[in-house]
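Each remark here refers to the structure printed beneath this line.
Throughout, protein chains are lettered first and strands after them, A, B, ... in sequence-line order, and every chain is numbered starting at 1.
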2 protein chains.
Amino acid sequence: MANQFDALLRRLSLKVTPKRLAILEILAAEPIYLTPEEVWTRMKRKSTRAGLPTVYRNLEELSACGILIKIVHPDRRLYYYFCPNDHHHHHFVCISCRKVEDLNFCGLDSIDREVRKSLKGAVVSHLMQVYGRCKECLAG
Amino acid sequence: MANQFDALLRRLSLKVTPKRLAILEILAAEPIYLTPEEVWTRMKRKSTRAGLPTVYRNLEELSACGILIKIVHPDRRLYYYFCPNDHHHHHFVCISCRKVEDLNFCGLDSIDREVRKSLKGAVVSHLMQVYGRCKECLAG
DNA sequence: TCCTAATTGAAAATGATTTCTGATTATAGC
DNA sequence: GCTATAATCAGAAATCATTTTCAATTAGGA
Ligand SMILES: [Zn+2]
Ligand SMILES: [Zn+2]
Ligand SMILES: [Zn+2]
Ligand SMILES: [Zn+2]
């Protein structure tokens with residue numbers, strides 16, 4: 001039996017390469033969002049050394065496919081997170097420890113209605129992110 | 001009587017300089033979001049030449065004060081927009097012509113409740129932006 | 001196995017944004 | 001108005017995360 005991400009990649013017509021698997025394994029094991037460079041460092045530790053551009057490329061691809069979530073951060077650097085929840089939802093991200101937690105709330109329905117009726121426009125995508133401090137960070 | 005932004009700047013203890021006024025005038029006259037470089041170009045046209053770093057610095061300052069809105073864009077470049085509406089609200093931005101329109105909807109109340117009750121965390125800030133095509137761009 | 005397109009690595013380029021430093025300027029107080 | 005002083009500014013240079021290039025390698029289907 002192969003890696004748990006085998007089928008996932010195949011389904012998306014992405015070749016199952018050691019780099020991709022390593023990237024997914026690393027992110028899936030983290031409850032926090034990581035920068036490409038951090039993923040790259042962890043790959044070295046696992047002796048799945050890869051080029052930094054490869055990491056960037058794969059993270060971008062995988063997030064474009066919806067496997068990974070790109071976290072929008074005020075510092076405008078790239079961050080990625082693996083979220084197993086495949087329903088549409090948004091995230092609460094801890095600005096202190098980088099933990100990501102799912103939010104069930106999404107106001108897209110109301111927004112879409114407003115955009116269509118009042119603005120006569122069409123929604124293409126939307127972004128919602130909540131920044132704050134998680135339970136542990138509040139306690140600490 | 002001075003420029004309409006005089007009082008606004010004074011109230012925030014920011015010196016009233018020709019550069020700042022020019023930046024505000026330019027953005028207030030635009031129904032779309034602009035990059036720092038575009039603001040800079042328009043300043044040259046108005047013969048209020050400024051250094052690009054000055055434009056960057058002021059845009060950042062003014063958005064930190066809440067006078068300008070920083071538009072979060074998928075391309076991760078900086079964009080600024082002058083929004084006269086001083087109530088908390090969010091924006092619908094046209095990815096085709098860059099027009100910005102106000103949305104009345106904000107789900108922060110529900111989100112805040114969820115974060116406090118379910119996650120035991122605290123919301124610090126939130127980001128919501130809706131991308132799409134405006135009425136005119138749909139027609140064109 | 002063989003073929004082909006996809007993937008990768010190393011090095012180099014990119015380019016928006018920021019930093020640095022020494023002028024210049026707005027403004028408060030006299 | 002004049003002065004002192006901190007804020008602001010210009011220009012050049014630096015930064016540095018991210019992307020591009022291109023030749024070599026590899027995965028997956030025929
Ligand atoms: Zn935390
Ligand atoms: Zn999630
Ligand atoms: Zn438009
Ligand atoms: Zn809101």
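- Atom pair B:L59:CG and D:dC9:C1' shows a separation of 14 Å (rounding to whole Å applied).
- Closest contact between the side chain of A:A50 and the listed nucleotides D:dC9, D:dA6, C:dG9 involves C:dG9.
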| query | Does the side chain to side chain donor-acceptor pair (under 3.5 Å) test come out yes or no for A:Y80 and A:E60, once each step is laid out? | reply | CA-CA 9 Å; A:Y80 294 90; A:E60 182 52 37; 3.1 Å; yes
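- Atoms OH (B:Y79) and C1' (C:dA16) sit 11 Å apart, rounded to a whole Å.
- Between A:R49 atom CZ and D:dT25 atom C1' there is a gap of 18 Å when expressed in whole angstrom units.
- Computed from coordinates, the B:Y80 OH to C:dA16 P distance equals 14 Å when rounded to whole Å.
- Rounded to whole angstrom, the span from the CG atom of A:L14 across to the P atom of C:dA6 amounts to 11 Å.
- Each of C:dG9, C:dA26, D:dT26 was ranked by its minimum atom distance to the side chain of B:T17; first place goes to C:dA26.
- The aromatic rings of A:F5 and A:F82 lie perpendicular to each other, with more than 60° between the two planes, well past the 30° mark.
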| Checking side chain to side chain donor-acceptor pair (under 3.5 Å) for the pair A:R113/A:S110: CA distance, chi angles, key distance, verdict? | CA-CA 5 Å; A:R113 215 172 301 125; A:S110 310; 4.5 Å; no
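- Within 6.0 Å of atom NE2 in A:H88, more than 12 heavy atoms from other residues, nucleotides or ligands are found, so the atom counts as buried in its surroundings.
- If you take NZ of A:K44 and C1' of C:dA10, they are 14 Å apart, rounded to a whole angstrom.
- Along DNA chain C, the nucleotide closest to B:V16 and the one closest to B:R77 are compared, and the more 5′ of them pairs with B:R77.
- Candidate nucleotides D:dC9, D:dA17, C:dT7 were compared by shortest atom distance to the side chain of A:E37, and D:dA17 ranks first.
- B:D75 places its CG atom 13 Å from the C1' atom of C:dG15, with the value rounded to the nearest Å.
- OP1 and OP2 of D:dA7 both lie 4.0 Å or more from every side-chain N or O belonging to B:R20.
- Using a 4.0 Å cut-off, some side-chain N or O of B:K19 falls inside it from OP1 or OP2 of D:dA10.
- Using cut-offs of 30° and 60° on the angle between ring planes, the pair B:H90 and B:H126 is perpendicular.
- Around NZ of A:K117, the count of heavy atoms belonging to other residues, nucleotides or ligands within 6.0 Å does not exceed 12.
- B:R98 has a carboxylate O that lies under 4.0 Å from a charged side-chain N of B:E38, or vice versa, which qualifies the two as a salt bridge.
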Protein-nucleotides 18-21 of chain C N/O pairs under 3.5 Å:
none

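- The distance from atom CG of A:L9 to atom P of D:dA27 is 13 Å, rounded to the nearest whole Å.
- Residues B:P18 and A:N58 both approach DNA chain C. Their nearest nucleotides, taken by heavy-atom distance, put A:N58 toward the 5′ side.
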